[in-house]
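These notes are about the structure you will find just below.
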Amino acid sequence: MTFQIHALSPEPFETLLAMDDAELSERRACWRTADCEPGYPCRVSLEDAEAGERLLLANFEHLGEETPYRASHAVFVRAGARQARPEPGSIPDVIRRRLISVRGFDADWMMVAADVVEGANLDATIGTMLADPDIAELHLHIAKPGCYLARATRA
């Protein structure tokens, strides 16, 4: 099963990136400086920030549909990040080097499958889940903090 990993678009974060600290605080966002590598994965570039790099930390609604699974979580975004467009069937290193919670949703946005897998072994889990015709797409989260990372669909 060929799959496609999708990074977030930079568009929802453009206005936040131009705001001062007080304005960001009103919108549940703030600036953070990466203090280790890896550790601050940008959801737009699907790359880890380098130590010392400044990133926006913002709340992002990654599942906005009106279901019990409606969800948002904190995400890091680098200023000026270009949206990653991984090749079909490829998994970026930012995902491969982490423990990933995979959540499979049907067309009604109900969770119908879930697993936790080392990112290095994610290909097989994605393939198995997307082989199920009831699964419309997968959401990939960093397992320990639970943060949304990216989504995967059939290519």
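Computed over heavy atoms, backbone and side chain alike; hydrogens, waters and symmetry mates excluded.
Without hydrogens or angle criteria, Gln4 side chain to Pro86 main chain gives a donor-acceptor distance under 3.5 Å. For Arg154 (side chain) and Thr2 (main-chain N/O), no donor-acceptor pair under 3.5 Å exists by modelled atom type. A donor-acceptor pair under 3.5 Å is formed between the side chain of Arg96 and the backbone N or O of Ala120. A side-chain donor-acceptor contact under 3.5 Å links Thr128 to the backbone of Ala124.
Contact annotation: the side chain of Ile91 approaches that of Ile126 to within less than 4.5 Å [non-hydrogen atoms, C-beta and beyond]. Looking at heavy atoms from C-beta onward, Leu56 lies in side-chain contact with Leu24 at the 4.5 angstrom threshold. Two residues are said to be in side-chain contact when any heavy atoms from C-beta on lie closer than 4.5 Å; Glu53 and Thr33 fail this criterion. In this structure, the side chains of Leu140 and Leu122 come closer than 4.5 Å at one or more pairs of heavy atoms. When side chains are defined from C-beta on, His139 counts as touching Leu63, because their heavy atoms get closer than 4.5 Å. The closest side-chain heavy-atom distance from Phe3 to Asp123 is below 4.5 Å. Within the 4.5 Å cutoff, no side-chain heavy atoms of Ser25 are placed close to those of Glu23. Between Phe105 and Met110 there is no side-chain heavy-atom pair separated by less than 4.5 Å.
One finds a salt bridge joining Glu66 and Arg70 here, because a Lys/Arg side-chain nitrogen approaches an Asp/Glu carboxylate oxygen to under 4.0 Å. We find that Glu47 and Arg78 are joined by a salt bridge, their nearest charged nitrogen and carboxylate oxygen being less than 4.0 Å apart.
Counting only N and O atoms by type, the side chains of Thr153 and His6 include a donor and acceptor under 3.5 Å apart.
Pairs of residues two or more places apart, or lying in two chains, that qualify as salt bridge (Lys or Arg N to Asp or Glu O under 4.0 Å) and include a residue from residues 98-112 are Asp48-Arg98.
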- prompt: Between Phe60 and His73, does a ring pair (Phe, Tyr, Trp, His ring centres under 6.0 Å) hold up when you go through it step by step?
  reply: CA-CA 6 Å; Phe60 180 75; His73 210 290; over 10 Å; no

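When all heavy atoms of Tyr69 and Trp109 are compared, the closest pair comes out as CD1-O, 3.8 Å.
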